[in-house]
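Encoded as structure tokens, the structure appears first; notes follow it.
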Number of protein chains: 2
Amino acid sequence: MPMARSATRRAAGSQEHDAAPVPTIHDVAIRAGVGAGTVSRVLNRHPKVSDAVRARVTQAIHDLKYTPNPHARQFAGGRSYSIATVLPVVATDFYLRLLTGLEDTCHAAHYDTALFPLLSQERLARLLTPGSLVGQADGLVMVTYDLTEMFDPSATQIRQPVVLANAFTPKLDCAYVDNHLGGRLAGEHAVTRPGELYAIWVATDLDALFSTRVFKDRRAGFHDVVTAAGRSIRHEMFTRYDSLAIHQAVCALLDDAVFPCTVFAAADQIAAVMLDEAGRRALRVGEDLRIIGFDDHPWSAERGLTTVHQPVGQMGAEAGRLLLSRLNGYSGPPREARLAPHLVVRATA
Amino acid sequence: MPMARSATRRAAGSQEHDAAPVPTIHDVAIRAGVGAGTVSRVLNRHPKVSDAVRARVTQAIHDLKYTPNPHARQFAGGRSYSIATVLPVVATDFYLRLLTGLEDTCHAAHYDTALFPLLSQERLARLLTPGSLVGQADGLVMVTYDLTEMFDPSATQIRQPVVLANAFTPKLDCAYVDNHLGGRLAGEHAVTRPGELYAIWVATDLDALFSTRVFKDRRAGFHDVVTAAGRSIRHEMFTRYDSLAIHQAVCALLDDAVFPCTVFAAADQIAAVMLDEAGRRALRVGEDLRIIGFDDHPWSAERGLTTVHQPVGQMGAEAGRLLLSRLNGYSGPPREARLAPHLVVRATA
DNA sequence: TTGTACGCGTTATCAC
DNA sequence: GTGATAACGCGTACAA
């Protein structure tokens with residue numbers, strides 16, 4: 001007869017406070033005057049539970065401050081209700097928007113998410129091993145970089161479903177923005193403006209660790225349209241995505257630009273720096289200097305930036321949906337959510 | 001009689017490949033011709049296992065590519081062998097060094113680590129809840145920010161031992177560098193140099209979300225020494241830790257600096273930008289302009305930067321050691337590892 | 001030194 | 001609609 005057996009469990013090495021017996025599903029069942037199975041059904045939103053019982057159980061859970069033991073849960077053949085997200089450097093608006101979309105979707109389905117930033121190759125290798133915490137998640141989202149490509153499949157011990165966000169491969173579910181189209185949209189607008197054309201791109205892959213096609217696609221799209229219009233780009237700059245490097249590239253471009261001109265900056269972050277610098281140089285933005293960005297971050301509207309809008313939050317949400325679909329049993333061929341960007345014309349171009 | 005029962009388990013929603021039955025401890029036991037308990041003992045480095053048996057088991061583990069199921073492991077009353085690290089923005093040399101030290105120590109003890117970057121208040125609140133992945137770790141390292149302070153203890157559902165790295169509180173185990181001493185060391189060197197004194201600090205706490213005493217301590221130490229020497233700082237700048245903001249602060253400082261002078265930059269990152277800008281302005285570094293940094297990153301030596309060396313990797317390692325000690329049963333009062341910085345004199349000052 | 005048996009908290013499959 | 005009960009994989013007494 002199971003009684004106060006819950007009073008036993010205690011995390012190893014807990015600081016001092018001895019009490020705080022972690023309540024179990026049985027404790028809840030007793031307090032609610034039902035069986036453990038019923039509590040489980042309430043927890044898992046099983047449809048066939050009477051409202052009265054559901055209420056009693058919910059109340060008991062609340063009273064006892066009961067939280068299901070995630071390990072026991074996963075262990076019982078169920079799932080851990082956790083999703084691992086592997087992504088590059090975290091502190092940018094882009095990833096913040098993407099993660100918000102992703103997490104909102106996952107949390108709505110009662111999944112928790114953990115972030116695994118890509119810091120080094122060595123760390124990455126350990127990440128993709130089944131013993132690691134990534135291996136314990138029910139599913140995996142890889143943002144911007146398709147890590148499955150970096151290892152031969154036998155070494156890659158990934159057992160969970162994987163979806164890619166902001167990247168594409170035919171082998172996996174993907175949620176991504178059509179960057180080639182984005183480049184074309186920028187190009188179509190740019191060629192209608194008078195004067196010279198310039199562009200600043202983000203140089204990735206410098207350390208050859210990871211690679212993404214995002215900026216290549218934007219550039220290809222822009223080139224296609226510009227060429228088709230019989231125009232050419234007077235000068236293209238490449239910069240690391242670091243605000244000092246961006247500043248230097250912007251200055252270098254403006255130093256020997258011929259005005260009037262239109263600049264396509266492959267990211268709003270770059271466009272913003274160029275706006276600052278243009279102000280410092282007393283250039284008339286929208287006349288001498290026209291600027292088209294890419295991203296449409298919340299602050300882009302405030303600054304009057306003409307830019308290519310990316311539905312970033314939606315991309316995260318789609319990635320979440322694709323993964324949840326797999327977790328709910330879908331096992332067909334890979335699917336994709338290709339999202340279309342659109343141009344937002346404001347004051348700068 | 002347990003046989004191929006392992007052939008049953010399968011992650012929900014796995015992509016396609018049906019096979020790959022995940023081996024269990026029983027499979028290993030059978031292959032090695034021993035009991036399951038013995039395999040467990042080998043896994044947990046129990047001393048009383050004969051070398052011969054240990055070898056056979058190890059071989060079987062290798063052959064089967066067996067990995068213990070972490071959930072089952074934790075569930076059986078053991079530990080999950082995972083440590084959660086909560087930290088601010090990740091992509092700086094500082095955190096890279098710290099994490100390296102921390103992870104090396106933890107991995108040596110067969111613990112895996114997961115990173116939880118602090119992106120928003122909302123995310124943080126969910127992090128500290130027992131159901132979240134952070135709650136599943138055996139222990140917790142909080143870097144730079146003491147998150148336990150942000151919530152009243154009843155709401156903070158942290159059940160695991162916590163250690164602070166790069167921060168201090170008397171309530172918890174801490175590994176930190178004596179930043180006040182670091183500031184004093186910089187000050188003592190600075191006052192021996194001719195000319196004016198300047199300083200650039202990092203302004204934290206701007207959004208009042210988190211707070212750290214790190215830069216306050218450096219400033220206080222520097223002030224103490226400068227004042228005691230009967231000197232004063234001609235001008236102090238504050239900058240966000242973002243390379244554009246840093247660049248602006250550096251330019252502003254140099255724009256109306258009186259030379260010769262000595263500048264204490266509260267982080268090497270700032271000192272490096274100042275070195276760049278000084279070169280651009282053709283200032284003679286080490287004569288017109290003397291620069292003292294703080295951190296001593298690997299690249300600081302190459303640039304000849306005089307700086308306060310912080311043993312960052314060691315700080316991470318000490319944090320790991322303190323946590324492992326708790327996990328191994330220590331339950332006494334909080335302990336601290338206070339590490340001493342030291343001045344490294346090179347060409348710039 | 002090694003094998004056996006039990007229990008950890010939860011979900012799922014039965015009967016009812 | 002609900003309550004028993006059998007797994008799930010591993011650690012660990014306890015017996016040998």
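Chain identifiers are assigned alphabetically (A, B, ...) following the order of the sequence lines, protein sequences preceding nucleic acid strands; residue numbering begins at 1 within each chain.
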### Query
Do side-chain atoms of A:N44 reach the backbone of A:H46 as a donor and acceptor pair under 3.5 angstrom?
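Not confirmed, A:N44 side chain does not pair with A:H46 backbone.
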Output all residues satisfying side-chain hydrogen bond (donor to acceptor under 3.5 Å, both in side chains) with [X], sequence neighbours left out; order by chain, then residue number.
| X | answer |
| --- | --- |
| A:E336 | A:Y176 |
| A:R321 | A:E318 |
| B:T85 | none |

### Task
Not counting sequence neighbours, which residues clear salt bridge (charged side-chain N to carboxylate O under 4.0 Å, His left out) with A:R54? List them please.
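With neighbours one apart ignored, the set is empty.
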### Query
Taking only residues two or more places apart in sequence, or in another chain, which ones meet B:D63 in a salt bridge (charged side-chain N to carboxylate O under 4.0 Å, His left out)?
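Checked B:D63 against salt bridge (charged side-chain N to carboxylate O under 4.0 Å, His left out); matches are B:R31.
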What is the separation between atom [atom1] on [X] and atom [atom2] on [N], rounded to the nearest whole Å?
| X | N | atom1 | atom2 | value |
| --- | --- | --- | --- | --- |
| A:H46 | C:dA12 | NE2 | P | 10 Å |
| A:K48 | C:dC16 | NZ | P | 17 Å |
| B:L64 | D:dG9 | CG | C1' | 15 Å |
| A:D51 | D:dG1 | CG | C1' | 12 Å |

### Query
By a strict heavy-atom criterion of less than 4.0 Å, which residues belonging to residues 55-63 of chain B are in contact with DNA chain C?
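Within this stretch, nothing sits under 4.0 Å of the strand.
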### Query
What residue pairs, at least two apart or across chains, pass ring pair (Phe, Tyr, Trp, His ring centres under 6.0 Å) with a residue in residues 57-78 of chain A?
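Every pair satisfying ring pair (Phe, Tyr, Trp, His ring centres under 6.0 Å) with a residue in residues 57-78 of chain A: A:H71-B:H71, A:F75-B:F75.
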### Task
Mind jotting down which residue pairs meet the ring pair (Phe, Tyr, Trp, His ring centres under 6.0 Å) criterion with at least one end in residues 99-118 of chain B? Sequence neighbours excluded, please.
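For residues 99-118 of chain B, and leaving out neighbouring residues, the ring pair (Phe, Tyr, Trp, His ring centres under 6.0 Å) pairs sorted by first residue read B:Y81-B:Y111.
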### Message
I'd like to check the side-chain contact (heavy atoms from CB on, under 4.5 Å) partners of A:T144; sequence neighbours left out, ordered by chain and number.
### Response
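Here the qualifying residues are A:P88, A:Y95, A:N166, A:T212.
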#### Entry: Residue pairs, two or more places apart or on separate chains, that pass salt bridge (charged side-chain N to carboxylate O under 4.0 Å, His left out) and touch residues 97-114 of chain B
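As it turns out, the salt bridge (charged side-chain N to carboxylate O under 4.0 Å, His left out) pairs with a partner in residues 97-114 of chain B, which skip direct neighbours, are A:R123-B:E103, A:R126-B:D112.
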### Query
Could you write nucleotides 10-16 of chain D as a row of B, S and -, 5' to 3', where a protein heavy atom under 4.0 Å of any base atom gives B, of only sugar-phosphate atoms gives S, and otherwise -?
BBBB---
#### Entry: Axial bend angle, the helix from C:dT1-D:dA16 to C:dC16-D:dG1: five-pair end segments, nearest 10°
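For the helix from C:dT1-D:dA16 to C:dC16-D:dG1, the axes at opposite ends meet at about 40°.
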